[in-house]
Structures are given as C-alpha cells and as structure tokens.
Amino acid sequence: MRYISTRGHAPSLSLEGALLAGLASDGGLYVPENLPRFTHKEIASWVGLPYNELAFRVMRQFVTGSIPDADFKKIIEETYGVFSHKAVAPLCQLNSNEWVLELFHGPTLAFKDFSLQLLGRLLGYVLERCAKLVVILGATSGDTGSAAIEGCKHCENVDIFILHPHQRVSEIQRRQMTTVFSKKIHNIAIKGNFDDCQEMVKSSFADQSFLSGKRLIAVNSINWVRIMAQIVYYFYASLQLGGPARSVSFSVPTGNFGNIFAGYLARNMGLPINQLIVATNRNDILHRFISSNRYIKDTMHVTLSPSMDIMVASNFERLLFDIYSRNSVVLAKLVISLKQGGGFSIEQGRWIEIRKLFDSLAVDDIQTCKTIAEVYAQTGKLLDPHTAIGVKAARDCRRSLNTPMVILGTAHPIKFPEAVEKAGFNKALELPEHLADLFEREEHYTVLPNNLQVMQTFISQNFNSSQPL
Ligand SMILES: *Cc1c(COP(=O)(O)O)cnc(C)c1O
C-alpha cells in the first residue's frame, strides 16, 4: 500500500514511510492511495471474531508490502493483549438501542491507547529493521502524552520527550506520564500553557538541526497509523449489533477529527453506517461547519472536556481532500484561506454531500454535567465528560430509533474528577488495579522555562545516551 499527501507535492510513501514522516513534507497529511473495500459477504464472515483477529483482517491491506502477515498478527496480539478487558472494546447498553463502546480499558484509560499501543510496536518493529534512532517529541494537555509514553516505552531505538504545561494538567494525568521510569522517557513541564508547548514542538519539527542528525517523529493524530488502528472498532461494534446486514450509527466525542474520520473510512471500506455524529464541546468549529458550512477559527475555550479543546481540527483536511475528489489544488487554497482569512465555506453541493452522513452538536459544560448526572440516575453508569458529550449529541441528533446508536466511550471517568464532581457525584472513584498505587509512585520530570532554546538544549543533552548503532 502506498500513501499520498493531501497537498499533492510530497512523494508517495510506504507504510513505514508514512509512520516515520507523520506530516508530509508539503505540509499535508498522508492518506492511503486506494482504500481497501470489503463486500458484505466478507464482512459477515467476521461475525464473532475476537478483537485481534478482526483487527488483522481490517488492517491487513494497509500494511501490505511493508509487514509480513505473521509479524503483523503477532504485533496486533501483543498490542491488544495489554488491554484489561477480555473483549478489548466491550459494548455497554444504556438505553433501548443505545450503546457505549468502551474504549478505555487500555493502560492509560483513554481510547488513544488503541492507536498508540499499536504505533509504538510498529515503530519498534520498523526501527529495528532499519537500525535508525529517532526522537519522539510531543506536547500534551493530558491523554496523548501518557498514551504515547505507554505505547512507545518498549521501543529500543526511541527517545521520548513529552512537554506538558507545568501545573496545568490534572494530577492523575501528570502521574500517568511521570511515574513511567526509563532513561529514554523524558517528561518536561514547561512554565507556560499548552499552546506554548505546542508552539515549541512545531518550531522543533520545522528546524531539526538541534538533533544532531536524529529524526523527529510525530505521534499526534496526524500520524496515519493512529487513524488506521481506530477503524477496527467501528467494525467490531457493528458486527456485534447485527452488521453488516443492519446499519449502525455512531456518535463520536470529537476534537481533532481523528477518531470520527476513522468511522468515515470504515464506511467507505464497506461497513454500513447510517449516521456519524460529530459531538464537540464549546470549541465547536466542526459543529459550526457541519450545521452551517462555515469553518472559521475562534479563540480557545477551556472546558471540562480538555481533550477536545482545540481551535482547528487537524484531521478535517483528510475529509475535505475526499470531498473535493482528492483535488490537492483546491485543498491547498482552502488551507490558505484558513491561515490568512481565518476560515472558509465550501461549495454547497459538496457540503450537502457531507450532510448526508454527518450531523453535529456542540455541548457546553453545564449540559455535559447534566448528562453525566442523568445517565448515572438512569443506569448507574458513570460517564467521563467526553463520553457524556457523545451521549448528549446522540440523543439530540439521532435520525432513527430503529438503527442502533453507538457512542464511543473515549475515557474512563476517573481521569476527569472535576467534571464528575460538578455533576454531583462525590463518591471516591477507585483506580483500576494496574494503577492502584499511582499516587505512591515516584515521579520523574524536569521543569523548564518557556524558552525554545533551553528546551532544545535539554533534548540534545539528554538523549537516551543512545550511542548510534
Ligand atoms: C483525544 C480525545 C478525544 C478527541 O479525539 P479526536 O481524535 O481528536 O477527535 C476525545 N476524548 C478523549 C477522552 C480524548 O482523549
């Protein structure tokens, strides 16, 4: 399988290439040159398969030519073997024909484990074969950092530097990052906010000269491998609810449009999906686009669902590329209008095309807490604020009560105690077994000023000591 850039000026790459590149050299995002397509008959033959085996069948063609079947199978088994629930992604019924797909049974209790556990293992596999040393650099406001560290901590040839805003991530999120001890893992608390951290990461990718020849790898959701891993659970949920004979709908708590874009791809690969609901918080650029065809930047609002606090949705470019029949020239123009003019609208006909599948809702903090309380009263299930936004949007935007509605449960409520308390729930929540002693573990991190030079010098002096091979 080859991967091409949405902007049309970067070379096409293999899976390894796309994995290592992250962003394309022309600023675009990599997408598969040809999407695999399955017949209903083929999908129907997968009913009842365990998660691993389904994952192998769904993803196999994406890695053809790069990873032999036997190796890929083994990597997948290891990846989903670390999840604490035997079903990996269990469905929990909330209401008549309404389900939450629980994607928080991985090591860091958020859905990002699905993609980053796989990404870490693929990276280890690829780097071992090419004997390269790389540096993962990322900024996090919470979930991505810990999932990246957990996913990549076993890679031999990787140093991981994760920046988080000093004293601005929750204690549990900080501890999930800082208590993983290895000489290759470097947590840096920057005396600034999340945007400052992200700016430093961006500048470092743009000029990598401080790395003395090592290569920087991006593990945020622009990396194709992350999208690829997320396609699987749409198939998994559907097959348990009567698919492919029956169509299923999904409501997805959305920030950077990575998770829901995987659902769009699942549908294009042949899975009958009736409706995809984009559920946002007050940072609602996607909701404004889907409801009124205006994709316009706004300022960032801090909410109780911080993992969806974004100004622009980086993966949205991948959808636009398809909607414009993969015309990179038009796409590049839209990107420029966003940069220079702050936003754009698209041709009405193409927007209507998007509306055939997508609906959306923006849910504020008050409604989020109300939904947590309501669902708890109805079912005894405690939702995290992101998942609650998905439930609220599902209930408001649902087109058909006969079609099963699946809400993607993106995080465990224990990660977001503030929202849970505000929803009126004040019993202490228990950490899952593997994290039970999290608050006693020793932490390792370095506090640095909000200064690019200082941060880069720190990185260049603290490589895993990794001598070139
Ligand atoms: C990252 C994250 C999201 C947003 O996912 P996108 O792929 O950026 O749309 C939603 N919920 C939780 C808990 C997350 O960690």
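All ligand and atom numbering here is 1-based and tracks the order in the structure.
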By number and element, which atoms of ligand 1 are closer than 4.0 Å to a non-hydrogen atom of M308? 10 (C)
Can you tell me which residue and heavy atom of the protein come closest to atom 8 (O) of ligand 1, and the distance to 0.1 Å? N256 N, 2.7 Å
Minimum heavy-atom distance between R399 and N274, given as atom pair plus value: NH1-O, 3.9 Å
Only one of Y233, F114, F235 passes ring-ring contact (aromatic ring centres under 6.0 Å, His included) with Y51; say which it is. F114
For ligand 1, which atoms sit closer than 4.0 Å to a heavy atom of N259? 7 (O)
F111 near ligand 1, heavy-atom distance under 4.0 Å? yes
Checking side-chain contact (heavy atoms from CB on, under 4.5 Å) between F111 and each of V252, N259, L116, which is the one that passes? N259
Check ligand 1 against G255 and write out every atom of the ligand that is under 4.0 Å from a heavy-atom position of the residue. 4 (C), 6 (P), 8 (O), 9 (O)
Suppose I only count heavy atoms of G258 and a 4.0 Å limit; which atoms of ligand 1 are within that range? 6 (P), 7 (O), 9 (O)
Taking the basic N atoms (NZ, or NE/NH1/NH2) and the acidic carboxylate oxygens, is any pair closer than 4.0 Å for R7 and E317? yes
Looking at E171 and R175, does any basic side-chain N land under 4.0 Å from a carboxylate oxygen? yes
Indicate, with yes or no, if the rings of F83 and H105 have centres closer together than 6.0 Å. no
If we set the cut-off at 4.0 Å for heavy atoms, which region of F257 has an atom near ligand 1: side chain, backbone, both, or neither? backbone
Could you verify whether a donor N or O on one side chain and an acceptor N or O on the other, from N187 and T178, lie under 3.5 Å apart? no
Going by the order shown, which atoms of ligand 1 are within less than 4.0 Å of some heavy atom of A411? 13 (C)
Provide the number and element of each atom of ligand 1 under 4.0 Å from a heavy atom of T254. 9 (O)
Can you sort out which atoms of ligand 1 are near K112, meaning under 4.0 Å from one of its heavy atoms? 1 (C), 2 (C), 3 (C), 14 (C), 15 (O)
Show which atoms of ligand 1 fall inside a sub-4.0 Å distance from at least one heavy-atom site of S307. 1 (C), 2 (C), 3 (C), 4 (C), 12 (C), 14 (C), 15 (O)
